[in-house]
Student: 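Here it is, the structure in full.
Residue numbers run from 1 in the order of the sequence given.
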Amino acid sequence: MGPIYSLGDFLDMVQRRLFMIACVFVLGCLVSLWFAASQQHEYETAEVLQITQPQIAGELAKSTVEGSSARRMQLIEQRLMARGTLLEIIEKYGIYADQNALTDLQKVVQLRTSVQITGVAAAREGFADDGTISVLTITARMPTAEQAQQVASEFGRRTIELSIATRIDQARETLSFFAEKEAALADQVAALEDEIAAFRNANDVTLPGTIEFRRAEIAAMNEGLLEIARERIEIRRAADQAQTTERPATARRMQEEAEQQLATLDAQEALLTQRKAGLEASLQTTPEVERQLGAYDRRLAQLQGELAQMTARRNEAEVGFRLETSRQAERLTVIEPAPLPDYPVTGARKTKALMGAAVSAILALLAAFLQELRHPVLRTAAQMERETGLVPVVSIPEMDTRPPRRGLFRRKA
């Protein structure tokens with residue numbers, strides 16, 4: 001401790017440096033009082049939001065809003081802490097109105113540090129963490145109790161509104177996407193069907209449903225031609241038999257009737273043959289036409305499968321959108337509104353002033369001690385013997401011829 005080795009030395013130092021100690025102590029106390037008086041009280045309150053589960057089981061009606069609630073809350077928090085949103089809240093409630101020296105950027109930064117949004121993870125199911133949040137706490141610390149309650153309630157309200165808006169927007173975008181995709185596929189199917197019909201007409205290709213009918217019609221025509229051939233044979237036999245058995249006049253009459261019947265059968269045969277040739281020609285296609293028809297059929301089947309899949313997804317997206325608009329899916333609810341705080345959370349000004357006074361006393365003693373170290377002087381016989389090992393024979397006190405000071409800071413004799 002340098003020149004201070006005992007309590008007597010310490011008390012002697014205090015007595016000699018009393019004026020400097022008192023000046024440092026008083027100055028420190030004044031600074032502590034000014035600091036304590038300049039400190040502003042802060043009030044803190046919190047609003048608690050709960051993330052409720054969907055009212056309808058996901059297996060029955062699934063929402064189209066994907067992703068964990070923690071990630072969605074993080075995105076909402078980023079939008080809440082945006083510069084424009086914070087300036088709206090500051091202007092709405094007149095926050096920091098008494099601090100005219102602050103710029104808008106400083107107010108935004110100060111409000112960001114004064115509001116905290118924390119989430120509590122939901123209980124895990126098994127060993128997997130799906131990022132689900134059960135409770136969201138919004139804490140606000142403001143200069144007044146009313147502002148703390150207003151800011152916490154405002155952030156809670158905006159959080160719920162943003163959660164609803166983002167979920168509905170995501171569900172609407174999903175439904176719009178699948179509806180547009182379904183309409184586009186339906187137009188492609190219709191256009192392909194028109195193209196197939198035009199190709200069949202251009203290449204004189206029958207439709208798939210009429211091939212069997214025309215083949216059956218050709219078979220019926222073949223049977224008709226066979227029947228005409230049998231009738232022609234019977235008529236000719238009858239005419240030949242009449243030539244040998246009947247009289248000449250009767251034979252000529254029967255011959256004329258047979259020729260008329262044969263002419264009728266020939267006309268019928270010609271008509272059936274022509275119709276049969278036309279049907280057979282309509283059934284005949286080239287290999288290139290068959291290949292193109294197969295490609296058309298495969299493409300049409302693929303588009304119809306995609307259309308059926310898009311229709312199913314569009315139905316699911318529509319159910320999810322209805323769940324979101326009716327608020328039957330996951331949603332935020334206020335389970336504990338922000339109360340009006342009764343007491344400030346910052347320390348009392350009197351306590352700060354007393355702590356400053358204690359620190360000032362320590363600094364004053366430390367300054368006196370440093371002053372002693374700068375000017376080391378052996379003032380007593382005990383110090384002489386301790387420092388040099390020599391015992392002084394005589395101790396002559398210092399003679400001060402100046403008149404002594406009066407009052408608290410009088411000079412030691």
Student: Kindly indicate whether the side chain of Val115, heavy atoms from C-beta on, has any atom under 4.5 Å from the side chain of Thr139.
Tutor: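 In short, these two side chains do not touch, never coming nearer than 4.5 Å.
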Student: Quick check: closest heavy atoms across Tyr43 and Pro341, and the distance to 0.1 Å?
Tutor: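 That closest heavy-atom pairing would be CB-CG, 3.7 Å.
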Student: For Gln99 and Lys107, which heavy atoms make the closest approach, and how far apart are they?
Tutor: O-CE, 4.2 Å
Student: Check whether more than 12 heavy atoms from other residues, nucleotides or ligands sit under 6.0 Å from atom CZ of Arg112, and answer yes or no.
Tutor: yes
Student: Mind checking the CD-OG1 spacing from Glu161 to Thr166? Nearest 0.5 Å is all I need.
Tutor: 11.5 Å
Student: Which value, rounded to the nearest 0.5 Å, describes the distance between Leu136 atom CG and Ser163 atom OG?
Tutor: 9.5 Å
Student: So which of Ile168, Leu175, Thr174 actually passes side-chain contact (heavy atoms from CB on, under 4.5 Å) with Arg172?
Tutor: Ile168
Student: Counting C-beta onward and ignoring hydrogens, is there a side-chain heavy-atom pair between Val48 and Val135 closer than 4.5 Å?
Tutor: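 Result yes, sub-4.5 Å side-chain heavy-atom pair found.
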Student: So, does Ser134 use its side chain to make a donor-acceptor pair with the main chain of Val120 at under 3.5 Å?
Tutor: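 Yes: the side chain of Ser134 pairs with the backbone of Val120.
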Student: Counting only heavy atoms from other residues, nucleotides and ligands, does the tally under 6.0 Å from CD of Gln274 exceed 12?
Tutor: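 Atom CD in Gln274 is not packed in, count stays at 12 or less.
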Student: Is there side-chain contact between Leu332 and Thr159, with heavy atoms separated by less than 4.5 Å?
Tutor: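 Contact flag for Leu332/Thr159 side chains = yes.
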Student: Starting from the C-alpha separation in whole Å, work towards a yes-or-no answer on side-chain contact (heavy atoms from CB on, under 4.5 Å) for Leu272 and Ile228.
Tutor: CA-CA 10 Å; Leu272 290 177; Ile228 290 174; 3.8 Å; yes
Student: Please lay out, stage by stage, how Glu217 and Arg275 fare under the test salt bridge (Lys or Arg N to Asp or Glu O under 4.0 Å).
Tutor: CA-CA 10 Å; Glu217 190 175 0; Arg275 176 62 178 168; 3.4 Å; yes
Student: Do you know which two heavy atoms are closest between Ile90 and Val108, and how far apart they sit?
Tutor: CD1-N, 4.2 Å
Student: Below 4.5 Å, heavy atoms only, C-beta onward: do Leu162 and Arg79 meet side chain to side chain?
Tutor: yes
Student: Give a yes or no answer on whether the side chain of Gln50 reaches the backbone of Ile335 with a donor-acceptor pair at less than 3.5 Å.
Tutor: no
Student: May I ask you to decide whether Arg313 forms a salt bridge with Glu316, counting only side-chain N to carboxylate O separations under 4.0 Å?
Tutor: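 Result for this pair is no, no salt bridge flagged.
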Student: Mind checking whether Arg314 and Lys181 have side chains closer than 4.5 Å, heavy atoms only?
Tutor: no
Student: Does Gln110 offer a backbone N or O that forms a donor-acceptor pair with the side chain of Thr113 under 3.5 Å?
Tutor: yes
Student: Are more than 12 heavy atoms from other residues, nucleotides or ligands located less than 6.0 Å from atom CD of Glu306?
Tutor: yes
Student: Should we count CD of Glu91 as having more than 12 external heavy atoms under 6.0 Å?
Tutor: no
Student: Between Arg322 and Glu318, is there a side-chain N and carboxylate O pair less than 4.0 Å apart?
Tutor: yes
Student: Nearest 0.5 Å please: distance from the CG atom of Asp297 over to the CD1 atom of Ile196.
Tutor: 6.0 Å
Student: Could you walk me through whether Glu154 and Arg157 pass salt bridge (Lys or Arg N to Asp or Glu O under 4.0 Å), step by step?
Tutor: CA-CA 5 Å; Glu154 180 70 14; Arg157 182 183 65 82; 2.5 Å; yes
Student: Grab the two heavy atoms, one from Tyr296 and one from Leu192, that are nearest each other, plus how far apart they are.
Tutor: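 Of all heavy-atom pairs spanning Tyr296 and Leu192, the closest is CD2-CD1, 3.7 Å.
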Student: Within this structure, what is the OG1-CZ distance for the pair Thr85 and Phe155, rounded to the nearest 0.5 Å?
Tutor: 8.0 Å
Student: What's the separation between atom CG in Leu262 and atom CD in Glu257, rounded to the nearest 0.5 Å?
Tutor: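 Interatomic distance, Leu262 CG to Glu257 CD, rounded to 0.5 Å: 12.0 Å.
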Student: Are side-chain heavy atoms of Ile21 and Leu365 found at a separation under 4.5 Å?
Tutor: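 Side chain of Ile21 against side chain of Leu365, heavy atoms only: contact under 4.5 Å found.
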Student: Less than 4.5 Å apart, side chain to side chain, heavy atoms only: is that true for Glu259 and Ile235?
Tutor: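 Contact flag for Glu259/Ile235 side chains = no.
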Student: Apply the test side-chain contact (heavy atoms from CB on, under 4.5 Å) to residues Glu193 and Gln304: give CA-CA distance (whole Å), side-chain angles for both, the deciding distance (0.1 Å), then the verdict.
Tutor: CA-CA 11 Å; Glu193 289 177 347; Gln304 288 176 345; 4.1 Å; yes
Student: Taking atom CZ as the centre, does Arg299 end up with more than 12 heavy-atom neighbours from other residues, nucleotides or ligands that are less than 6.0 angstrom away?
Tutor: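 No, CZ of Arg299 has 12 or fewer neighbouring heavy atoms, counting only those of other groups under 6.0 Å.
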Student: Between Ala171 and Glu324, what is the shortest heavy-atom contact and its length?
Tutor: CB-CG, 3.9 Å
Student: Under the side chain to side chain donor-acceptor pair (under 3.5 Å) criterion, do Glu182 and Thr311 qualify, and how do the steps go?
Tutor: CA-CA 6 Å; Glu182 181 187 12; Thr311 302; 3.0 Å; yes
Student: Mind checking whether Lys92 and Glu88 have side chains closer than 4.5 Å, heavy atoms only?
Tutor: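 A side-chain contact under 4.5 Å is absent here.
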Student: I need the Leu27 CG to Ser360 OG distance, nearest 0.5 Å.
Tutor: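 Taking CG in Leu27 and OG in Ser360, the distance rounds to 7.5 Å.
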Student: Can you name the one residue among Glu269, Gln261, Glu227 that meets side-chain contact (heavy atoms from CB on, under 4.5 Å) with Arg232?
Tutor: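 Of the listed residues Glu269, Gln261, Glu227, the side-chain contact (heavy atoms from CB on, under 4.5 Å) partner of Arg232 is Glu269.
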Student: Apply side chain to side chain donor-acceptor pair (under 3.5 Å) to Gln147 and Tyr93, showing your working.
Tutor: CA-CA 7 Å; Gln147 286 184 350; Tyr93 295 104; over 6 Å; no
Student: Looking at Ser114 and Met142, what are the two nearest heavy atoms and their distance?
Tutor: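 Minimum heavy-atom contact is CB-CE, 3.4 Å.
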